[in-house]
Amino acid sequence: MATLTVNYIAYDKTRQRRIGLVPKTVISSLREILTDNEDYVVPILPVLEHEGDELQFAFLAASGTSDGCLLSFNAGTQNIPVGETDVQVVVVYLPKVPEKQTVVTDAFNLEKADFTDSNFIDVLADTDIDNSKTAAVNESGTLSSENTAKLQAHDSVDGTPFSVWKSFPGKGTLGKRESVVEQSQNGYLFAFYGGEN
């Protein structure tokens with residue numbers, strides 16, 4: 001027997017990373033007791049309305065499944081394989097893209113199925129770290145894209161290795177630790193840690 005918990009949340013782009021994550025629940029948490037080797041189907045709408053805002057689906061992450069950590073960027077139905085351990089599933093929705101020339105950055109730990117407040121990113125000036133910009137981005141979770149910026153994700157966070165970058169809006173993922181925020185880009189850029197590299 002295993003307990004499966006599903007949380008649908010709206011990412012709060014206004015939070016300070018150091019204060020801690022206080023996600024807004026979009027739909028009440030679902031909790032079910034399941035038998036071993038049973039799949040659980042999680043329905044994911046591409047767009048949800050919440051408190052008068054349209055939220056766009058970003059990703060589904062699950063820890064504790066019989067296949068290990070799962071990460072999906074596809075709306076629709078997702079099968080979650082349940083084994084003998086408890087499973088945490090998080091379905092994240094994003095509010096509209098932030099104001100122009102701003103990229104919201106954050107890190108997600110797939111093994112904990114939660115965002116982390118730990119430092120995870122370095123802003124580079126050529127090949128050196130720009131300490132003041134790095135501290136500001138890790139503190140606030142926002143980066144000005146007035147100019148192009150080179151970023152590097154930490155090799156590991158909370159003892160969990162880097163996996164991929166994903167920008168929203170955007171297509172595909174980037175498995176390298178280095179990423180670039182283009183001039184005038186706006187949106188979200190998340191680093192994922194854990195799972196298969």
Side-chain angles (χ1 to χ4, degrees), residues 1-13 15 17 20-51 53-96 104-118 120 141 153 156-175 187-197:
M1 303 286 276
T3 301
L4 179 135
T5 305
V6 182
N7 292 305
Y8 291 82
I9 64 169
Y11 182 80
D12 185 356
K13 69 178 176 137
R15 79 178 181 95
R17 294 192 71 250
L21 177 66
V22 183
K24 295 179 183 175
T25 301
V26 180
I27 299 171
S28 295
S29 295
L30 307 172
R31 186 172 292 219
E32 295 205 22
I33 306 294
L34 302 171
T35 59
D36 299 351
N37 302 317
E38 181 178 352
D39 279 3
Y40 184 83
V41 176
V42 177
I44 302 171
L45 297 171
V47 177
L48 261 181
E49 190 167 316
H50 179 65
E51 296 179 352
D53 292 328
E54 263 193 8
L55 306 175
Q56 302 291 320
F57 169 71
F59 64 91
L60 172 144
S63 66
T65 77
S66 61
D67 290 345
C69 299
L70 298 179
L71 176 62
S72 175
F73 302 109
N74 301 315
T77 33
Q78 298 287 326
N79 288 327
I80 308 297
V82 177
E84 298 175 2
T85 59
D86 291 346
V87 178
Q88 294 290 323
V89 180
V90 176
V91 182
V92 177
Y93 284 85
L94 299 174
K96 65 182 177 180
V104 175
T105 63
D106 216 333
F108 192 89
N109 186 324
L110 294 168
E111 293 180 11
K112 295 179 181 178
D114 201 357
F115 287 93
T116 179
D117 288 326
S118 298
F120 75 99
S156 67
V157 168
D158 303 330
T160 306
F162 172 78
S163 183
V164 296
W165 283 106
K166 173 71 173 149
S167 61
F168 305 92
K171 295 183 179 178
T173 58
L174 181 62
Y188 299 87
L189 180 63
F190 293 155
F192 292 88
Y193 287 82
E196 296 295 321
N197 288 332

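The structure displayed is predicted, hence computed values, not measured ones. Here, residue 1 is the first one in the sequence, and each next residue gets the next number.
For the atom pair Thr5 OG1 and Asp86 CG, the distance stands at 7.0 Å (nearest 0.5 Å). Distance check, rounded to the nearest 0.5 Å: CG of Asp114 to CD1 of Ile9 gives 7.5 Å. Between the CD1 atom of Ile80 and the CG atom of Leu4 there is a distance of 7.0 Å, given to the nearest 0.5 Å. Taken from CD in Glu38 to CD1 in Ile33, the straight-line distance is 11.0 Å, to the nearest 0.5 Å. For the atom pair CG (Leu34) and OH (Tyr40), the distance works out to 7.5 Å, reported to the nearest 0.5 Å.
For the residue pair Ser63 and Ala113, the shortest heavy atom distance occurs at OG-CB, 3.7 Å. The minimum heavy-atom distance linking Ala10 with Leu55 is given by the pair CB-CD1, 3.6 Å. Closest of all the heavy-atom pairs between Gly187 and Pro169 is CA-CD, 4.3 Å. Contact record, Glu111 with Gly194: OE2-CA, 3.9 Å, taken as the closest heavy-atom pair. In terms of heavy-atom proximity, Val87 sits nearest to Gly64 at CG2-O, 3.5 Å. Taking every heavy atom of both residues into account, Ala153 and Tyr193 meet most closely at CB-OH, 3.5 Å.
The main-chain N or O of Phe192 is never found under 3.5 Å from a side-chain atom of Ser163 such that the two would form a donor-acceptor pair.
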Using the side-chain contact (heavy atoms from CB on, under 4.5 Å) rule, take Phe190 and Tyr11 through it: C-alpha gap first, then chi angles, then the decisive distance, then the call. CA-CA 12 Å; Phe190 293 155; Tyr11 182 80; 4.1 Å; yes
Report the C-alpha distance between Thr160 and Lys112 in whole Å, list the side-chain angles of each, state the deciding distance to 0.1 Å, and finish with yes or no for side-chain contact (heavy atoms from CB on, under 4.5 Å). CA-CA 10 Å; Thr160 306; Lys112 295 179 181 178; 5.8 Å; no
Where do Thr3 and Arg31 land on the side-chain contact (heavy atoms from CB on, under 4.5 Å) test, with the steps shown first? CA-CA 7 Å; Thr3 301; Arg31 186 172 292 219; 3.6 Å; yes
Between Leu71 and Val164, does the side-chain contact (heavy atoms from CB on, under 4.5 Å) criterion hold? Intermediate values first, please. CA-CA 10 Å; Leu71 176 62; Val164 296; 4.2 Å; yes
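When side chains are defined from C-beta on, Leu30 counts as touching Tyr8, because their heavy atoms get closer than 4.5 Å.
Under 3.5 Å, the side chains of Thr116 and Asn109 contain no donor-acceptor pair of N or O atoms.
The aromatic rings of Phe108 and Phe59 lie perpendicular to each other, with more than 60° between the two planes, well past the 30° mark. Using a 30° and 60° split on the angle between ring planes, Phe57 and Tyr93 fall in the perpendicular class, above 60°.
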